[in-house]
Amino acid sequence: MDRSLKWRLFALFMSCLLCAGAVLPTFLERDQLPSWFPFSKKIQLGLDLQGGLHIVYSIDLDKAIDDKASEIRRDLESRFADEKTAATVKTPSSPLGAVVVTLTDPAKREAALSAIQADYGGDTVSYDCAADQPPGSICFRVSSEYADGIKRAALTNAVTTIRERINEKGVAEPTVVEKGDEIVVELPGLDKAAIQETRDIIARTAKLEFKVVDNNSEYMKRLYAHVGSEGKEGKPTEPRAIELEIQAEIDQWRPEDGSGLQTDYFLLAHDREEWLTLDEAKANNCLNKDNKEKIENGKVKCLVSGRRRIELYLFGDKKLNIKGLVEIDPTFKLPDDRQIGYEFNEPTPEAKDRRNFWRTYYLDRAVRLTGSGISDAMGSYDPNTNRPIVLLDFNRHGSRVFGDLTAEIVGKKLATILDDKVKSAPIINGAIRGGRASITMGGSDASRMEKERNELVNVLKTGSLPAPLHEESSSEVGPTLGRDAIEKTRLSFGLGIALVIIIMVGIYRWSGWISVFGVAFHISLMLAVMAVFGATLTLPGIAALVLSVGMLVDGNILIYERIRDELTLGKSVRGAIDLGFSRAFSAILDGQLTTAAAGWVLMQYGSGPIKGFAVMLLVGVFTTLVTNLWVSRIFLDWYVSRKKGTLATISI
């Protein structure tokens with residue numbers, strides 16, 4: 001046996017081991033494999049073969065219209081600033097998509113109205129101003145026709161973004177479709193941890209906004225006095241605040257530019273466990289399979305967030321007939337141009353109370369900059385604290401707006417809001433130019449912060465959802481083909497393999513067994529490639545697998561018939577094998593290239609099942625060539641080398 005054949009046999013043996021190792025996690029659980037095992041990905045079965053999770057999402061399309069009104073407000077404020085026109089622009093909460101412009105100089109009202117109609121006439125309509133608006137105000141809102149267009153675009157963009165996020169996560173063959181005003185997502189059967197992680201990343205709006213914190217606010221000062229703060233621990237004095245364990249606190253600082261003392265009044269509440277009625281538990285999203293069996297006296301134990309308790313204290317819950325402070329005392333109603341923001345915090349290592357807590361920020365409702373001003377995002381670490389951070393690179397527009405904004409609010413706090421949560425609110429000590437900023441991840445668990453950072457980078461890169469998603473329902477679905485169809489598919493696949501073995505061995509005898517091994521190696525190699533890339537096996541994929549087996553056997557037949565021809569012409573066995581492979585090579589390569597071209601076209605222009613079929617077909621082209629021209633040749637050379645002396649014939 002020559003040295004080259006030994007190396008080829010060794011390479012084939014190692015290839016078989018690698019294929020077996022790559023496929024093994026598909027058939028065994030992770031805990032059944034040793035810790036050092038290098039492969040972890042497994043082949044997933046598609047919805048048509050094993051079913052999966054069916055989720056229906058609704059999208060808060062009103063938020064997309066409200067964002068359009070905020071965009072118009074920012075544009076008008078920039079215009080009035082450039083024209084040095086004294087005016088205030090507000091976006092009241094009602095009616096939806098409303099904008100109110102109030103000019104200090106009434107003489108400029110007509111000119112401003114003409115400019116607004118010229119710029120936004122096709123997108124907005126005028127309406128009668130409310131009685132509480134200043135005289136001479138210009139009131140208009142996003143038109144119904146334009147609002148419908150925004151809703152349609154938001155729904156389409158949401159479908160695209162969700163699909164990109166799922167693909168970024170590596171879940172193959174997902175189904176994401178529009179159904180009325182809802183979005184239907186179907187994920188092939190994954191384990192519980194993977195499903196939950198995928199659901200979390202789908203639901204993240206990734207709506208990044210920058211808003212100014214209103215320091216020294218009279219409203220928050222009155223709220224602070226109403227809740228009360230007694231003793232060093234700042235215990236509340238108002239009965240409802242005591243019941244809900246809500247504290248009122250102060251944050252004070254003096255800006256570096258030497259201006260006056262700044263005061264930020266805020267409310268704080270820790271997460272706590274409570275016994276809730278079933279309706280209250282549903283409102284808190286804590287009634288699930290785990291605690292349904294633990295209901296006592298019509299109540300269930302839930303972890304209620306500090307944010308939820310602050311919201312109940314201020315705004316109540318109409319569904320549960322709970323009155324909030326704004327209803328009990330109308331003087332605490334929030335102004336239309338202000339809102340309450342919430343920040344989640346974990347306790348510091350030295351804190352006595354180890355519960356997580358939430359704090360409030362009193363925010364200007366206007367969005368000063370959004371994620372559309374960001375060109376790139378990447379994960380890093382703060383060089384001073386070593387905490388995980390997300391570095392943001394602004395585009396040209398975002399860089400200019402962020403620089404002007406930070407120059408305008410020196411001494412104040414700027415809140416970075418992601419998915420309706422304040423991520424950070426640093427004090428701005430000077431204009432920040434240069435087109436870069438960062439978001440520091442909060443918390444005390446390093447691994448969780450790193451995971452959140454990486455997820456945030458992914459969703460910012462794939463783009464934010466145009467509006468928040470709400471999960472309406474979810475259910476597990478069975479195989480779309482049905483059990484009977486799957487059994488028939490298995491039967492046909494097994495029958496096809498059996499017929500290949502019978503025909504090849506019956507016609508080509510010992511050489512036919514080489515083809516049988518080639519088929520086994522070919523299937524193993526295709527499955528190994530799928531496992532390495534974490535692909536999903538669907539019925540079209542199985543069809544491509546069966547088709548590639550046919551192409552493989554066809555290639556073997558071409559080689560064997562050429563060898564037979566050369567033996568008939570009187571060539572030696574070794575010479576016949578050499579000529580058989582060389583003369584069959586062009587026919588095999590031409591056939592595979594033609595198939596590859598068809599597969600490439602299907603992959604480029606097809607989608608769903610067609611694309612899945614094309615991908616498996618292209619993988620099959622590669623494995624067919626490897627098996628026909630390399631594996632079969634190794635076994636024939638090995639057979640000849642085992643025979644001593646001159647071999648007169650071969651079993652073919």
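- The shortest non-hydrogen separation linking A415 to L363 is CB-CD2, 3.8 Å.
- In this structure a side-chain-to-backbone donor-acceptor pair under 3.5 Å is missing from N216 to Q262.
- Distance CG/D271 to CD/E346: 10.0 Å, rounded to 0.5 Å.
- Between the OG atom of S70 and the CG atom of D75 there is a distance of 12.5 Å, given to the nearest 0.5 Å.
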(request) Could you go through the salt bridge (charged side-chain N to carboxylate O under 4.0 Å, His left out) check for R272 and D353 one step at a time? (result) CA-CA 11 Å; R272 72 178 185 183; D353 195 331; over 6 Å; no
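- In terms of modelled atom types and a separation under 3.5 Å, the side chain of E280 and the main chain of T277 share a donor-acceptor contact.
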(request) Please report the C-alpha distance between E311 and W358 in whole Å, then the side-chain angles of each, then the deciding distance to 0.1 Å, and finally whether the side-chain contact (heavy atoms from CB on, under 4.5 Å) criterion is met. (result) CA-CA 11 Å; E311 288 175 337; W358 293 76; over 6 Å; no
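- The two residues V142 and A147 come nearest to each other via the heavy atoms CG1-N, 4.0 Å.
- Side-chain contact check for E230 and T237: no donor-acceptor pair (N or O, by modelled atom type) lies under 3.5 Å.
- Closest heavy-atom contact between L276 and A281: CB-N, 4.1 Å.
- Interatomic distance, NZ of K108 versus CG of L103, reported as 8.5 Å (0.5 Å rounding).
- Between P236 and I242 the shortest heavy-atom distance is O-CG1, 3.5 Å.
- Checked by atom type and distance alone, the side chain of S137 never pairs as donor or acceptor with a backbone atom of C139 at under 3.5 Å.
- N345 contributes a side-chain N or O that, together with a main-chain N or O of E343, makes up a donor-acceptor pair within less than 3.5 Å.
- In summary, R73 and D364 engage in a salt bridge, as defined by a charged side-chain N under 4.0 Å from a carboxylate O.
- Screening residues 400-412 for side-chain hydrogen bond (donor to acceptor under 3.5 Å, both in side chains), with sequence neighbours left out, gives R368-E408, D404-R433.
- Atom CG in L223 sits 7.5 Å away from atom OG1 in T360 (nearest 0.5 Å).
- Here disulfide bond (SG atoms under 2.5 Å apart) pairs that include residues 320-397, with residues two or more places apart or in two chains, number zero.
- A distance of 3.5 Å separates NZ of K413 from CG of D251, quoted to the nearest 0.5 Å.
- Contact between R141 and P95 at its shortest, heavy atoms only, is CD-CG, 4.2 Å.
- Ionic pairing of E274 and R308 is not present here: no N-O contact between side-chain nitrogen and carboxylate oxygen is shorter than 4.0 angstrom.
- Side-chain atoms of R359 never come within 3.5 Å of backbone atoms of F266 as a donor-acceptor pair (strictly under, hydrogens ignored).
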(request) Would you sort out whether F80 and V101 count as a side-chain contact (heavy atoms from CB on, under 4.5 Å), showing the intermediate values? (result) CA-CA 11 Å; F80 291 141; V101 179; 3.8 Å; yes
(request) Kindly determine whether I72 and V89 satisfy side-chain contact (heavy atoms from CB on, under 4.5 Å), including the steps that lead there. (result) CA-CA 9 Å; I72 294 173; V89 186; over 6 Å; no
(request) Kindly indicate, with the supporting measurements, whether the criterion side-chain contact (heavy atoms from CB on, under 4.5 Å) is fulfilled by D67 and T370. (result) CA-CA 10 Å; D67 289 344; T370 67; over 6 Å; no
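- Using the six-membered ring where Trp is involved, Y120 and F140 have ring planes that are parallel, under 30° apart on the 30 and 60° scheme.
- Within a 6.0 Å sphere centred on CD of Q252, other residues, nucleotides and ligands contribute more than 12 heavy atoms.
- The pair K90-D336 fails the salt-bridge criterion, with no side-chain N (NZ, NE, NH1 or NH2) lying under 4.0 Å from an Asp/Glu carboxylate O.
- Using cut-offs of 30° and 60° on the angle between ring planes, the pair Y313 and H226 is tilted.
- Rounding to the nearest 0.5 Å places CZ of R307 at 6.5 Å from OH of Y342.
- Taking a cutoff of 4.0 Å between a charged side-chain nitrogen and a carboxylate oxygen, D329 and R222 do not qualify as a salt bridge.
- Each side-chain hydrogen bond (donor to acceptor under 3.5 Å, both in side chains) pair with one or both residues in residues 121-132, not counting sequence neighbours, would appear here, but there are none.
- In plain terms, the two heavy atoms of E245 and R355 that are nearest each other are OE1-NH1, 3.5 Å.
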